[in-house]
Amino acid sequence: MPASQDLPAVDVELIKATKRYGSTLAVDCVDLKIPAGTYCCLLGPSGCGKSSLLRMMAGHEGVTDGDLLIGDTYSNDLPPAGRRTAMMFQHYALFPHLNCLDNVAFSLRMKGVPKAARHAKARALLRLVHMEDYEKRLPAQLSGGQQQRIALARALITDPGVLLLDEPLSALDPFLRVRMRAELKRLQTELGITFIHVTHSQDEAMALADLVVVMDRGRIEQVGTPRDVFNQPATAFVARFIGGHNVLSGEVVSATSGHALVALADGHRIGLPACGASPGDSLAFTVRADRLSLSPAAAVKPVAPSPDAGPDGHGEITGRVSSIQYQGTHVEVRLALPEQAELLLATVPERTFFDAPLQEGDRVTARWNARDVHALPEAGRPQAAEEQVEPRQQEAV
Amino acid sequence: MTALRQTAVTKAVPLLQALPLAAILIAFFVGPVLLVVAVSFFDYQTWDILIPDFILYNYEILLGSETTYRTYLNTAKLCLLAWFFTLTIGFTIAYFLAFHVRSVPLQIGLFLLCTIPFWTSNIIRTISWIPLLGREGLVNQGLMGVGIVSEPVEWLLYSEFAVILGYVHLYTLFMIVPIFNSMLRIDRAVIEAARDAGASGFQILRHILLPLSKPGMAIGTIFVVALVMGDFFTVDVLGGAKVASVGKTIVNELGYLQYPPAAANAVVLTIVTILLIVALMRIVNIRKEL
């Protein structure tokens with residue numbers, strides 16, 4: 001990460017951080033270290049505690065229990081402006097009665113910086129976000145994207161080491177969202193400071209983050225690079241939330257050092273790469289939706305995977321087509337499986353699909369390479385996420 | 001033919017619908033005002049109190065007299081003091097209700113508490129100050145009983161102090177309501193953003209809350225200014241003979257059956273009040289609040 005000299009990036013560390021509102025537990029004993037200069041996305045559904053976590057870092061919520069370190073400073077009790085953080089609010093929270101220039105210069109005005117100096121600095125920041133022509137406008141006279149740029153400039157004028165962004169793109173229309181996404185990334189790279197960005201959109205997290213933190217019900221489900229999280233989801237929740245995965249579960253019937261065999265509810269057996277499970281364990285695993293190939297069931301001989309099939313072997317499962325949705329680049333086919341509540345999703349490239357179109361109600365066999373099956377570590381084991389991440393990072397190198 | 005008649009009927013319907021309100025307003029508002037304006041140009045004599053005419057005499061006397069200006073100046077002073085105290089107290093109460101009371105039921109409860117004085121009529125509330133503030137009143141008895149003063153304090157009643165006290169008592173709620181309303185509209189995230197930018201509590205008040213409550217303050221100001229400018233009762237009851245105001249002058253003139261000068265005075269007072277309100281609206285854009 002490039003780190004410019006006047007804006008040294010700062011790392012953020014939470015140690016057993018907990019946030020309670022009365023009897024409600026919003027953040028449950030979270031350990032997290034975000035290295036300096038990282039673009040970190042806190043990802044999760046609404047109510048998962050990601051915003052509370054961010055607001056604790058910003059100092060707008062107290063830390064009920066645990067420690068918060070920003071840089072090397074113990075920051076639990078510091079006021080928001082006493083930390084090396086600045087926050088960009090969800091709906092920007094621009095001061096409606098001040099023009100853009102005064103909005104951006106606000107914190108300097110609070111510090112008593114003379115008008116000429118604070119306006120000069122504010123103009124420099126307006127240039128940084130390409131809003132120099134709008135300094136006399138009031139926030140109500142700006143579009144959503146422009147308001148966001150002003151909010152960014154206002155947050156950055158304090159020279160923060162960490163910029164905290166609370167759902168910064170959620171108020172924009174989809175087209176603008178993608179453009180501002182690129183802008184945020186550019187700014188982060190240019191400034192070299194730590195960005196911590198709360199979002200419920202996995203697309204956003206994938207596109208932006210160096211480090212994704214997936215949260216659910218106040219706990220961290222997984223921490224890793226976007227590729228880690230996508231390829232090696234730590235829990236069924238992560239796999240479902242990130243999307244593109246089918247989560248199946250069954251009972252391990254045999255396990256060798258090389259691989260394991262799992263029986264689904266209907267007795268159908270599927271081979272997995274070794275995962276440390278022993279016979280009798282119940283095991284959840286994922287199958288990538290984009291790695292499934294579909295063919296009419298009659299055309300394929302039912303092949304029971306032999307117990308000695310290695311990681312290079314194939315797996316398959318047969319079901320009935322329950323829905324077909326055209327998506328342009330690909331077609332989403334959902335199969336109803338015997339005795340499984342969830343539908344099996346296959347994303348089939350457009351041409352492949354239309355070379356041999358399927359109809360709803362067809363009996364179809366989905367086949368995959370055993371490499372595209374990923375056993376989920378037992379849910380709820382906090383260390384599991386880290387164990388899972390390490391080997392994958394080596395693989396990526 | 002039928003089609004033509006139908007369009008005529010369709011056009012008449014909205015006019016008919018507007019008619020009742022228009023009739024009431026014309027009969028009870030526009031009519032009397034025009035009448036007052038007309039009477040202000042009438043002549044009068046001791047035994048002939050209304051002589052239809054068009055003379056500027058009433059205005060010449062009014063605007064040529066030094067007493068008029070002194071009375072207006074005194075009314076303006078009362079107005080300014082009442083405005084200052086109602087604004088300060090009203091802003092403080094609204095601020096407390098909007099930002100310090102966290103629970104909404106308590107907020108509503110306390111707000112309703114502010115309206116309790118309004119369950120009693122203005123007249124009774126004004127008169128009730130007399131037994132409290134008079135020479136033999138509760139306050140004086142108390143002060144003498146405790147030994148703070150040996151003689152009754154004279155300026156408590158029939159003084160400008162008593163009039164201002166009465167105004168503040170009567171009209172502070174007219175400040176609280178619009179300011180409270182303005183404050184409720186302030187996005188809490190904006191205050192958080194100010195704190196994030198390092199603003200202290202006082203700086204937030206000065207740079208965020210005060211400017212954003214301006215429309216509410218302006219509306220409250222219009223209420224208080226209009227009420228005080230037009231008041232005669234409070235001045236009469238609590239000010240006694242010592243306090244002059246335009247309203248009281250008009251009432252006195254009416255008492256002497258000098259209708260045309262009273263009408264001229266009323267017209268001037270209305271114009272002055274309207275000008276004040278127009279000036280206020282120029283300073284603060286209140287339309288977005290309504």
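For the numbers below, each heavy atom of this structure counts, side chains included, while hydrogens, waters and symmetry mates do not. What you see is a predicted model; the values in this text were computed from it and never measured. In what follows, every chain begins at residue 1, and chains take the letters A, B, ... in the order their sequences are listed.
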Fill in the blank from the handout: So CG of D187(B) and CZ of F89(A): to nearest 0.5 Å the spacing works out to 9.5 Å
Handout entry: Distance in Å, H60(A) NE2 paired with I191(B) CD1, rounded so as to fall on 0.5 Å steps
Key = 12.0 Å
Practice task
Check each atom of L94(A) against the heavy atoms of chain B and say whether the ones under 4.5 Å are side chain, backbone, both or neither.
Solution key: backbone
Practice task
Answer yes or no: are there more than 12 heavy-atom neighbours, outside D173(A) itself, under 6.0 Å from its atom CG?
Solution key: yes
Handout entry: Residues, nucleotides or ligands: over 12 heavy atoms within 6.0 Å of R125(B) CZ
Key = yes
Practice task
Test D196(B) against every option in P79(A), S107(A), P80(A) by the side-chain contact (heavy atoms from CB on, under 4.5 Å) rule and name the one that passes.
Solution key: P80(A)
Practice task
May I ask you to check whether over 12 heavy atoms, not counting those of F111(B), lie within 6.0 Å of atom CZ?
Solution key: yes
Handout entry: OH (Y21(A)) with more than 12 external heavy atoms under 6.0 Å
Key = yes
Handout entry: Over all atoms of both residues, closest heavy-atom pair of A197(B) and F106(A)
Key = CB-CD2, 3.7 Å
Handout entry: Considering all heavy atoms, the nearest A81(A)-R195(B) contact
Key = CB-O, 4.0 Å
Problem - Where A93(A) and A193(B) come nearest, the two heavy atoms and their spacing - result: O-CB, 3.8 Å
Practice task
Using non-hydrogen atoms and a 4.5 Å limit, figure out which bit of R154(A) sits close to chain B: side chain, backbone, both or neither.
Solution key: side chain
Fill in the blank from the handout: If you tally heavy-atom pairs under 4.5 Å between each of H207(B), R188(B), E192(B), Q203(B) and chain A, the highest tally belongs to E192(B)
Practice task
Count the heavy atoms of every other residue, nucleotide or ligand shown that sit under 6.0 Å from CZ of R186(A), and state whether that count exceeds 12.
Solution key: yes
Problem - More than 12 heavy atoms of other groups within 6.0 Å of K115(A) NZ - result: no
